[in-house]
Amino acid sequence: MIQFLGIAFLGIGLWAWNEKGVLSNISSITDLGGFDPVWLFLVVGGVMFILGFAGCIGALRENTFLLKFFSVFLGIIFFLELTAGVLAFVFKDWIKDQLYFFINNNIRAYRDDIDLQNLIDFTQEYWQCCGAFGADDWNLNIYFNCTDSNASRERCGVPFSCCTKDPAEDVINTQCGYDARQKPEVDQQIVIYTKGCVPQFEKWLQDNLTIVAGIFIGIALLQIFGICLAQNLVSDIEAVRASW
């Protein structure tokens, strides 16, 4: 099952790269200004495929090497997740600064990659936020900054995903953010979300702490179960071979 999910993730990632023309021009991989979400699909898909393949073939063929590889690899992933959780708690302020830096880097590359653009739009719509710590972070983008030299129609505006939504509107107004930041702050709050995505994400975590913790504990238990199952199978195989 895991390997099929891995193949699915890899397929989605390769399809997305092909649609963007990256596969036909390999040098464009290094030209992406911000984070490319396709990488997430490729890395996750690759790891899941390798783990699923090792576990499945190891169990079917009674191959102790593959089973040991599966359990050790899964153990390393579990240890890294545990370490990341502890470090995230200890260095939460540093992580907050890095998240701010990461979001702003991707704001600069907003128009450079369609997948990145969709990811930012989804994030801003879902958490009802705009920019990393506020709408003025969009000054970092060459199309939305408020400088006099900017000839773009989107000057001093924000993407449509920053706009407050009218439930009566069925069609998205992609021009709703035009000139939004030229208005007084009181008027801006009527038209766009003025809270940044970093504080909104923190608020979301606090509101859904039980669910998030439950998901991580569930994943951890599944990994521990997989490690124990693989080790028990290795022990049984070695015991049978020793009795020959």
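Computed from heavy atoms alone, side chains included, the values below leave out hydrogens, waters and symmetry copies.
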For residues [X] and [Y], report the shortest heavy-atom separation together with the two atoms involved.
{"X": "N139", "Y": "C146", "result": "OD1-N, 3.1 Å"}
{"X": "I120", "Y": "N106", "result": "CD1-O, 3.4 Å"}
{"X": "W138", "Y": "G157", "result": "CB-O, 4.3 Å"}
{"X": "G131", "Y": "I103", "result": "C-CG2, 4.4 Å"}
{"X": "C162", "Y": "Q124", "result": "SG-NE2, 3.3 Å"}
{"X": "F69", "Y": "A54", "result": "CD2-CB, 3.6 Å"}

- Item | Audit row: F201, T123, side chain to side chain contact (heavy atoms under 4.5 Å, CB included) steps and yes/no | CA-CA 9 Å; F201 177 66; T123 301; over 6 Å; no
- Message: Would C197 and C130 count as a disulfide pair, i.e. SG atoms separated by less than 2.5 Å?
- Response: no
- Item | SG(C163) to SG(C176) below 2.5 Å | yes
Mind checking the [atom1]-[atom2] spacing from [X] to [Y]? Nearest 0.5 Å is all I need.
{"X": "I227", "Y": "F73", "atom1": "CD1", "atom2": "CZ", "result": "12.0 Å"}
{"X": "L60", "Y": "L66", "atom1": "CG", "atom2": "CG", "result": "10.5 Å"}
{"X": "L233", "Y": "F70", "atom1": "CG", "atom2": "CZ", "result": "10.5 Å"}
{"X": "F79", "Y": "L74", "atom1": "CZ", "atom2": "CG", "result": "14.5 Å"}
{"X": "L229", "Y": "L67", "atom1": "CG", "atom2": "CG", "result": "9.0 Å"}

- How far apart are the C-alpha atoms of Q175 and F160, what are their side-chain angles, what is the distance that settles it, and do they pass the side chain to side chain contact (heavy atoms under 4.5 Å, CB included) test? CA-CA 6 Å; Q175 299 179 358; F160 72 90; over 6 Å; no
Under 3.5 Å, side chain of [X] to main-chain N/O of [Y], donor-acceptor pair present?
{"X": "T164", "Y": "I190", "value": "yes"}
{"X": "N145", "Y": "L140", "value": "no"}
{"X": "Q200", "Y": "W127", "value": "yes"}
{"X": "E62", "Y": "I237", "value": "no"}
{"X": "N141", "Y": "A109", "value": "no"}

Please check if atom [atom1] in [X] has more than 12 non-hydrogen atoms from other residues, nucleotides or ligands closer than 6.0 Å.
{"X": "L221", "atom1": "CG", "result": "yes"}
{"X": "F133", "atom1": "CZ", "result": "yes"}
{"X": "R241", "atom1": "CZ", "result": "yes"}

- Side-chain heavy-atom pair R155, F144 within 4.5 angstrom cut-off: no
- Message: Salt bridge or not between D179 and K183? Use side-chain N to carboxylate O under 4.0 Å.
- Response: no
- Task: Considering only NZ, NE, NH1 and NH2 on the basic side and carboxylate oxygens on the acidic side, decide whether E202 and K96 come within less than 4.0 Å.
- Result: yes
Do [X] and [Y] pair up side chain to side chain, a donor and an acceptor below 3.5 Å, judged on atom types alone?
{"X": "Q223", "Y": "E81", "result": "yes"}
{"X": "S71", "Y": "Q231", "result": "yes"}
{"X": "D121", "Y": "Y110", "result": "yes"}

- Under the 6.0 Å and 45° cation-pi test, does K92 pair with F89? yes
- Can you name the salt bridge (charged side-chain N to carboxylate O under 4.0 Å, His left out) partners of D136, sequence neighbours left out? R181
- Query: When you look at K195 and Q128, which way does the side chain to side chain contact (heavy atoms under 4.5 Å, CB included) test go after all the steps?
  - Reply: CA-CA 8 Å; K195 295 180 180 179; Q128 296 184 349; over 6 Å; no
- Steps toward side chain to side chain contact (heavy atoms under 4.5 Å, CB included) verdict (I77, V47): CA-CA 10 Å; I77 293 175; V47 171; 3.9 Å; yes
